Amino acid sequence: MPFLPVFLPTDVLFWFLIAGVAGYAAYCLRRPHLALPWRRVFRSGVALACAVILAVFTLAALLDSVHFRPRLPAEGSGGPAYSAEVLSLLDLALSGIRGKNERTYSAPLATRLYAKEVVEVREGPDAGKQVREYPRLRYGGAHLASEQDWVGDVFARVGAGLVAACVAAALLGLAVRRLRRRAPDVPWKAGGAALLALLVLALPIAFLAPYYHVLGTDKVGQDVLYLALKSVRVSLIIGTLTTLVLLPIAIALGLMAGYFRGWVDDAIQYVYTTLNSIPGVLLIAAFVLMLQVFLERHSEWFYTAAERADARLLVLCVVLGITSWTGLARLLRGEALKLSQLDFVQAAHAFGVPDRRILSRHLLPNVAHIVIISVVMDFSGLVLAEAVLSYVGVGVDPATTSFGTMINAARLEMGREPIVWWSLAAAFVFMFVLVLAANLFADAVRDGFDPRVRVGGAPA
Amino acid sequence: MLAYIVRRALYAIPILVGVNIITFALFFLVNTPDDMARMQLGTKRVTPEAIEKWKAERGLDKPLFVNRGAVGWEKLTDTVFFQKSIRLFAFDFGFAEDQRDIANEIRTRMWPSLALALPVFALGLLVNITFAMILAFFRATYLDFWGVTLCVAMMSVSGLFYIIGGQYLFSKVWHLFPISGFIGGGSAGKFVFLPVVIGVVGGFGASARLYRTLFLEEMSRDYVRTARAKGLGEAVVLFRHVLRNALIPILTGVVVVIPSLFLGSLISESFFGIPGLGSYTIDAIQAQDFAVVRAMVFIGSVLYIVGLLLTDISYTVVDPRIRLE
């Protein structure tokens, strides 16, 4: 095989989660009463546009969640040797910008380095002398014969990108038209507009990226665009896998507390009051510090740096899940208290249905809307929390690129003269778009699922 | 009322014991004192003597739970668990890695934290409620729409960006305020102003939007319709009826954090170099100083429980229908 597949735990869980969501969607589609709230959600143009943007982010994260180790060129005898570096499909797709490292910072689209260096003059009358100047970049704009061509070249590439975007827009327009005829009450125009906006941004960048560092380079010369795209996976993993950890705990304990009452309720309330009373960041920090020592002690478990970093990411998700299930559990307890008084639960009880079945068949479906709303609402908070935790030093592995580590590095760069603003700006824009889309989508989901908000919600 | 308070205070004891058990388990069961000694001492090749010395200095050279070598009560009291966690109840926190008295450190660092956290809290509450009321007053207009849009956009920005951006603009470009640092007394205002403004801005989006929802929910009640029907002006309805009733749900979220203001804010204190408890905690986390982290966890839980109690009491003040029994 030309490569050795690497199954990182978070990769497997993330794919598993996406498969689960797809399965749930298929399940809903065939049941009108489950599909109805989702139909209400997607009747809003904003929701569809945000869903499109989130889907694009998810696609990048999924590509970045298929890892492998490429085979090294055979050297002498012995079996096949594989590189210690773990790559992903996204790395392959971005091979045009990956690994094209400069020596240090360079501004977006620059052709020269940010810092002066001693360079030997090659041509002209002063050939052989050493001068201090801004050296040309190794990759950024290296194809230009002379730097005077820079403006024309950049404009030509952006223009080509925009032309491609126009073609894409025409195709999109046709697709939207057909879809509107099929399902007229879905705001396809808004979804198409969101996709088009992304394409108008992405296509010129795609045309520029192989020849320039579109968002500049960071301290060690890595392309910032590449770093930002790699950070998307960490954000999505933290935002989604954490809920995978907290949902079973919150659902089981919340429903049991509300249904059984008595000492079960007291015990569960005691547990979550205790957990809640420890300040959140401190609890997470304590957990992460301890598990960090634990992982360090067992460093022999991991073959590659990527595996160790991944273990730490998984630990972070588990810790966030353990510390943040209390809010949902409290909501579910209140709801279960209310529901267990209703006739259908009383009737099931009278018929001798076992508690386990009442909990899973009668209570769980009736609190599903609360669970869905809280999962979607929590996502953006978790993405933001990652940045703060990485700043505190209890976030992802320092070797992992995430928005938190990018912001953390950018903090020192703001003090430089002239200021290095591009990595901070890149992290800001990517995070802002992701979190804003998640927030707006969460609002739409809440409006669609919350039984109190039934404005004009005529049954389909 | 008094009986209720006493009962709640007693209920705090099992919770604090639970907090202690959790932190103890986190700090001492996942990693034995030997592991911690090895990590603090740094290198892989430390002598067993060095480890023993490190443990003895910190009183970690005892058995974790049961000391079989001792007699009588000392079997339970002469252990790491007892020494390290029961003492916390007497607010005896011991010493940090740098041999400073933690309790003393907390007493001096509390004031800078309060100087920052209290204005952020009060000013933030005032701004958020005012803005939410304006949006509720102009509900379903363009002003409302754009106000909510602003809130959603602002809550989608990580708090770190507000701090970095504010520091850059106001301190570095415009030279209006010092970038970081702190002097107590009268000149504290100069150092605290920018962090306070940034703190208020950072918390604005989410809270203002939440309060607006609470106001709107309250405005759809029957008593509001009655008040309008009897001819009261919209302003009177809003201030005399809606505001006072909407304060009840607002209080739920707000009163509980008041005692925790002592702990300060982790992020902005360390960004602005304010020597409060927040930056103390961050430094302790980064230096892996477990004694300090445990002390802060304990204090944090005590303050949270006090906050819960205050919340209950404040209910009876704002809502006479509620009686504590």
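Residue numbering restarts at 1 for every chain, and letters A, B, ... go by the order of the sequence lines. Source: prediction; values computed, not measured.
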Side chain B:S171, main chain B:F177, donor-acceptor under 3.5 Å:
yes
Residue A:L434 versus chain B: region with a heavy atom under 4.5 Å:
neither
B:I198 side chain near B:F272 side chain, heavy-atom distance below 4.5 Å
yes
At a heavy-atom separation under 4.5 Å, does B:I285 approach chain A through its side chain, its backbone, both, or neither?
both
Counting only N and O atoms by type, is there a donor-acceptor contact under 3.5 Å from the side chain of A:D450 to the main-chain atoms of A:R446?
no
Can you tell me which portion of B:S158 sits under 4.5 Å from chain A's heavy atoms? Options are side chain, backbone, both or neither.
both
Checking the side chain of A:S277 only, and the main-chain atoms of A:T274 only, is there a donor and an acceptor separated by less than 3.5 Å?
yes
For the rings on B:F161 and A:F432, is their centre-to-centre separation under 6.0 Å?
no
Given a strict heavy-atom distance threshold of 4.5 Å, which part of B:I15 is in contact with chain A: side chain, backbone, both, or neither?
both
Counting heavy-atom pairs under 4.5 angstrom with chain B, the leader among A:V288, A:V281, A:V394, A:L424 is A:L424
In terms of heavy-atom pairs under 4.5 Å with chain B, which of A:V433, A:I419, A:L384 leads?
A:I419
Let's go through A:E386 and A:S235 carefully: what are the C-alpha distance in whole Å and the side-chain angles of both, what is the deciding distance for side chain to side chain donor-acceptor pair (under 3.5 Å) to 0.1 Å, and is it a yes or a no?
CA-CA 7 Å; A:E386 185 274 326; A:S235 282; 4.6 Å; no
Relative to chain B, which segment of A:V388 carries a heavy atom at a distance below 4.5 Å: side chain, backbone, both, or neither?
both
Using non-hydrogen atoms only, which part of B:S260 is less than 4.5 Å away from chain A: side chain, backbone, both, or neither?
neither
At a heavy-atom distance under 4.5 Å, which candidate from B:V297, B:I282, B:L303 has the highest pair count against chain A?
B:V297
Do you know which of B:L160, B:I22, B:T281 has the most heavy-atom pairs with chain A at a distance under 4.5 angstrom?
B:L160
Using a cut-off of under 4.5 Å for heavy-atom pairs, which of B:A284, B:S270, B:G307 has the most such pairs with chain A?
B:S270
Under a plain distance cut-off of 3.5 Å, with no hydrogens placed, do B:R8 and B:Y4 share a side-chain donor-acceptor pair?
yes
Side chain, backbone, both or neither: which part of B:L308 has a non-hydrogen atom closer than 4.5 Å to chain A?
side chain
Just by modelled atom types, is the B:M154 backbone N or O under 3.5 Å from a matching donor or acceptor in the B:Y162 side chain?
yes
Side-chain touch A:R330/A:N276, heavy atoms, less than 4.5 angstrom:
yes
B:F298, part contacting chain A, at a heavy-atom distance under 4.5 Å
neither
